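For reference, the structure is listed below as structure tokens.
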Amino acid sequence: MERASCLLLLLLPLVHVSATTPEPCELDDEDFRCVCNFSEPQPDWSEAFQCVSAVEVEIHAGGLNLEPFLKRVDADADPRQYADTVKALRVRRLTVGAAQVPAQLLVGALRVLAYSRLKELTLEDLKITGTMPPLPLEATGLALSSLRLRNVSWATGRSWLAELQQWLKPGLKVLSIAQAHSPAFSCEQVRAFPALTSLDLSDNPGLGERGLM
């Protein structure tokens, strides 16, 4: 009985810690869905490695500026060296939200994800800073079937859709753009989406009848 009491005393601090400091990432029992909420001012981003086995991944960055990542990773590195590792990932649906993202970092992520089996990408509550570089000759586009953008602002203004489109393969079927900060797209710059079957621009107060035409 005394030994059991001592064990309980040892476990109590651990129970208290787990109750007050929840883990930023949670992976379900089936390794299917993984959700990360990085709300700390200086989060431990390595916790996201828990999600490498998940099919559906959500990462919310708490409104943090991700520019420091440019000092830690080479956004211009050739992603082909990671191709085999990225192809082995199970992720099919990815959501990234609540962050300030340098365009160079976004492009670096898209170049790597082009070698994945990702099919559905959602970007929400993001502020994209800087100019997106052009697609390198050796780069391959991201083969998405669905792209959803909600409350995403782009430093490039009206040209953002054309700049993003060059990083996508032409097989996109579903495109949803909501709460766009620059809803007036330049038709001269945007190419056709030949495989598109669903286009949703409904939640854009700044887009009037003339813009829809």
Side-chain angles (χ1 to χ4, degrees), residues 24-25 33-38 43-156 159-172 174-177:
C25 296
R33 188 168 186 266
C34 185
V35 179
C36 295
N37 287 292
F38 294 104
D44 182 3
W45 299 105
S46 63
E47 293 287 339
F49 282 111
Q50 297 182 47
C51 299
V52 295
S53 61
V55 175
E56 184 175 311
V57 178
E58 290 188 22
I59 299 178
H60 302 275
L64 295 175
N65 189 343
L66 304 187
E67 187 171 353
F69 272 95
L70 292 176
K71 299 178 181 179
R72 299 165 55 182
V73 299
D74 185 2
D76 297 322
D78 189 346
R80 287 177 290 188
Q81 59 185 312
Y82 313 114
D84 292 339
T85 301
V86 176
K87 287 177 183 177
L89 297 177
R90 299 175 62 211
V91 62
R92 299 294 189 278
R93 292 187 290 276
L94 174 63
T95 298
V96 180
Q100 298 180 49
V101 185
Q104 187 180 0
L105 186 63
L106 174 62
V107 165
L110 294 178
R111 290 185 67 188
V112 173
L113 290 172
Y115 294 95
S116 72
R117 293 179 285 175
L118 184 69
K119 290 301 179 185
E120 300 180 19
L121 176 63
T122 299
L123 305 178
E124 56 186 21
D125 301 323
L126 297 183
K127 181 179 180 180
I128 310 299
T129 59
T131 304
M132 295 185 69
L135 182 71
L137 294 177
E138 75 281 359
T140 179
L142 188 56
L144 293 178
S145 61
S146 173
L147 175 62
R148 292 180 169 86
L149 309 172
R150 173 176 291 276
N151 189 28
V152 180
S153 65
W154 307 78
T156 51
S159 63
W160 69 265
L161 183 57
E163 294 182 357
L164 179 62
Q165 188 180 25
Q166 67 178 332
W167 294 92
L168 306 176
K169 287 186 176 179
L172 190 69
V174 176
L175 176 60
S176 174
I177 302 173

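Hydrogens, waters and symmetry mates play no part in the numbers below; they use all other heavy atoms, side chains included. Since we're looking at a predicted model, the values are computed, not measured.
- Within the structure, every pair that satisfies the salt bridge (Lys or Arg N to Asp or Glu O under 4.0 Å) test and touches residues 45-73, not counting sequence neighbours, is listed here: Arg33-Glu56, Arg33-Glu58, Glu56-Arg93.
- With sequence neighbours excluded, the residues that form a side chain to side chain contact (heavy atoms under 4.5 Å, CB included) with Ile59 are Cys36, Phe38, Val57.
- Contact of the Met132 side chain with the Trp167 side chain is registered, since non-hydrogen atoms from C-beta on lie closer than 4.5 Å.
- Counting heavy atoms from C-beta outward, Pro102 and Leu70 have side chains that approach closer than 4.5 Å.
- We find the CD-OG distance between Gln100 and Ser153 to be 8.5 Å, quoted to the nearest 0.5 Å.
- For residues 104-127, no residue pair satisfies the ring pair (Phe, Tyr, Trp, His ring centres under 6.0 Å) rule, not counting sequence neighbours.
- Not counting sequence neighbours, the partners of Phe69 by the ring-ring contact (aromatic ring centres under 6.0 Å, His included) test are Trp45.
- Sorted pairs that involve residues 96-105 and meet salt bridge (Lys or Arg N to Asp or Glu O under 4.0 Å), not counting sequence neighbours, are lacking altogether.
- Taken to the nearest 0.5 Å, the CG atom of Leu147 stands 13.5 Å off from the NZ atom of Lys119.
- Taking CG of Leu105 as the start and CG of Leu110 as the end, the distance is 9.5 Å to the nearest 0.5 Å.
- Note that CG of Asp125 is 11.5 Å distant from OG1 of Thr95, once rounded to the nearest 0.5 Å.
- Listed here is the closest heavy atom pair of Leu144 and Glu120: CD2-N, 4.2 Å.
- Residue Arg117 comes nearest to Leu89 through the heavy atom pair NH2-O, 3.0 Å, listed as atom of the first residue, atom of the second, then distance.
- A pairwise comparison of heavy atoms in Val107 and Pro133 identifies CG2-CD, 3.7 Å as the closest pair.
- Under the 4.5 Å side-chain criterion, counting only non-hydrogen atoms from C-beta, Leu164 is in contact with Leu149.
- Listed here is the closest heavy atom pair of Ala98 and Leu126: N-CD2, 3.7 Å.
- When all heavy atoms of Ala103 and Gly130 are compared, the closest pair comes out as CB-O, 3.7 Å.
- Once rounded to the nearest 0.5 Å, the distance linking CG of Leu121 with CG of Leu168 reads 8.5 Å.
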Self-check item: Derivation of the side-chain contact (heavy atoms from CB on, under 4.5 Å) call for Val55 and Arg90
Solution: CA-CA 5 Å; Val55 175; Arg90 299 175 62 211; 3.4 Å; yes

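- Take Arg150 and apply the salt bridge (Lys or Arg N to Asp or Glu O under 4.0 Å) test, not counting sequence neighbours, and it matches Asp203.
- The line from CG of Asn65 to NZ of Lys127 is 8.5 Å long, rounded to the nearest 0.5 Å.
- The SG atoms of Cys51 and Cys25 lie 2.5 Å or more from each other.
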Quiz prompt | Trace of the side-chain contact (heavy atoms from CB on, under 4.5 Å) decision for Val174 with Arg148 | solution = CA-CA 8 Å; Val174 176; Arg148 292 180 169 86; 3.9 Å; yes

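- Leu113 is listed as a side-chain neighbour of Leu94, based on a closest heavy-atom distance under 4.5 Å.
- The heavy-atom pair separating Gln81 from Ala77 by the smallest distance is NE2-CB, 4.0 Å.
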